[in-house]
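Everything below concerns the one structure shown next.
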Protein chains: 2
Amino acid sequence: MAKVGVILSGCGVYDGSEINETVIALLALNRAGAEVIIMAPNMEQAVVNHLTGDAVAGASRNVLEESARIARGEISDIATVSAADMDALFIPGGFGAAKNLCDFAFKGPDCEVHPEVARLIRDIVAAKKPLAAVCIAPALVARVLGIDKLDPRVTIGTDKDTAGAVSSMGATHVSCPVNEFVVDKENKIITSPAYMLAGSISEAAEGIEKTVKELMLMLS
Amino acid sequence: MAKVGVILSGCGVYDGSEINETVIALLALNRAGAEVIIMAPNMEQAVVNHLTGDAVAGASRNVLEESARIARGEISDIATVSAADMDALFIPGGFGAAKNLCDFAFKGPDCEVHPEVARLIRDIVAAKKPLAAVCIAPALVARVLGIDKLDPRVTIGTDKDTAGAVSSMGATHVSCPVNEFVVDKENKIITSPAYMLAGSISEAAEGIEKTVKELMLMLS
């Protein structure tokens, strides 16, 4: 049974992992026969009121504890997990990927990636194990592998500003519709736009399900 | 396009809506061509740390705001929604259904149901519109319709204690495996065990997808 690591960044599109994307990926992985290792960094995060969209001044939650809501408690501190524990890695989107796993949402191409997240991405790619990332998560993959001069080929969809920021980190950005995915054969990276473009949960699901299928094909 | 109301109770299995069940239902409804009206009560709730499973002493969150995390902000206060706004109703499970939408988790068969939730369930059934509930949510349907002497026929799976509590509220409990559902033709109610029995997200999905399919058939 293939083991696939899944890095979460909280619970909710505006300050954590995008919930629909995460559950759609977990279901597709389970249906494909994969065992998942869900993990998140043990760190504090800012909080956004998802009813109003406003930041909650002074509020703080723990990323690992909030991610555990999606994982039904079955989750590990990413600091305790290594690339040797898994056959592949999947990173869903949501603003948490750009606010907690890295600070791309605030600093753009100059962002720093959480050290444990950067370590796992580097080790997975170095081990020639496949890595999938959807929505905004390809930005953090671009940052880590761009620094390493690996020229990752990724998509965040069609938004020109974000695509430009991704390219300026040393990646090659490829425009992609919501129901498709982009493959970087050299680095074994699969990316899909998901809610960067999706107008409905079905649209997000189509691209994510295809991404998971391609990830499993790379493992077979 | 059919309109289906979805009542949430927070965000996370131990103190809110079960996230997997909710997303699986939202995806199945969207793929079936339904438009959803997501709603939740505007009330405070207790908080459980999903990493440890422990109650967080003194902590409180707002059910509507937390439910908005799953709904990506597209959610209404249930007090502003009426049965006339929709063609059918779906209620996912999670402890929130038994702690926030009613207090079945604390009081068992003597539980009280949130008045706005009770109103909507009553009005939907009175209007002969179909209602689906999964996991523990059938308990609150049993309470509302049991008081009204409508003898609802529902399942919460196979747990004898919970089934006994459901029966003692004036419902007929039917044992049901995780991948099936139970139909009450008279009251137009469909129920399935989901995570009352599911050992994996795929198992939960099979029963929920069949439940949504049956709900849509009742509308056609």
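Letters A, B, ... mirror the listed sequences (proteins, then strands); counts begin at 1.
Residues of residues 2-15 of chain A having a heavy atom under 4.5 Å from any heavy atom of chain B, listed by number: Cys11(A), Gly12(A), Val13(A), Tyr14(A), Asp15(A). Residues of residues 205-215 of chain B lying under 4.5 angstrom from chain A, judged on non-hydrogen atoms, are Ala205(B), Glu206(B), Glu209(B) by number. The stretch residues 27-35 of chain B places Leu27(B), Asn30(B), Arg31(B) near chain A, each with some heavy atom under 4.5 Å from a heavy atom of that chain. Residues of residues 51-66 of chain B having a heavy atom under 4.5 Å from any heavy atom of chain A, listed by number: Leu51(B), Arg61(B), Leu64(B), Glu65(B), Glu66(B).
Enclosure of atom CD in Glu44(B) by more than 12 non-hydrogen atoms of other residues, nucleotides or ligands within 6.0 angstrom is indicated. Within 6.0 Å of the CD atom in Glu74(A), the count of heavy atoms belonging to other residues, nucleotides or ligands does not exceed 12. Residue-environment remark: CD (Glu112(B)) stays at or below the threshold of 12 foreign heavy atoms within 6.0 Å.
A heavy-atom distance below 4.5 Å is not found between the side chains of Val23(B) and Thr22(A).
Within the 4.5 angstrom heavy-atom criterion, only side-chain atoms of Glu18(A), from C-beta onward, approach chain B. Contacts of Asn20(B) with chain A are made by both backbone and side-chain atoms, with heavy-atom separations under 4.5 Å.
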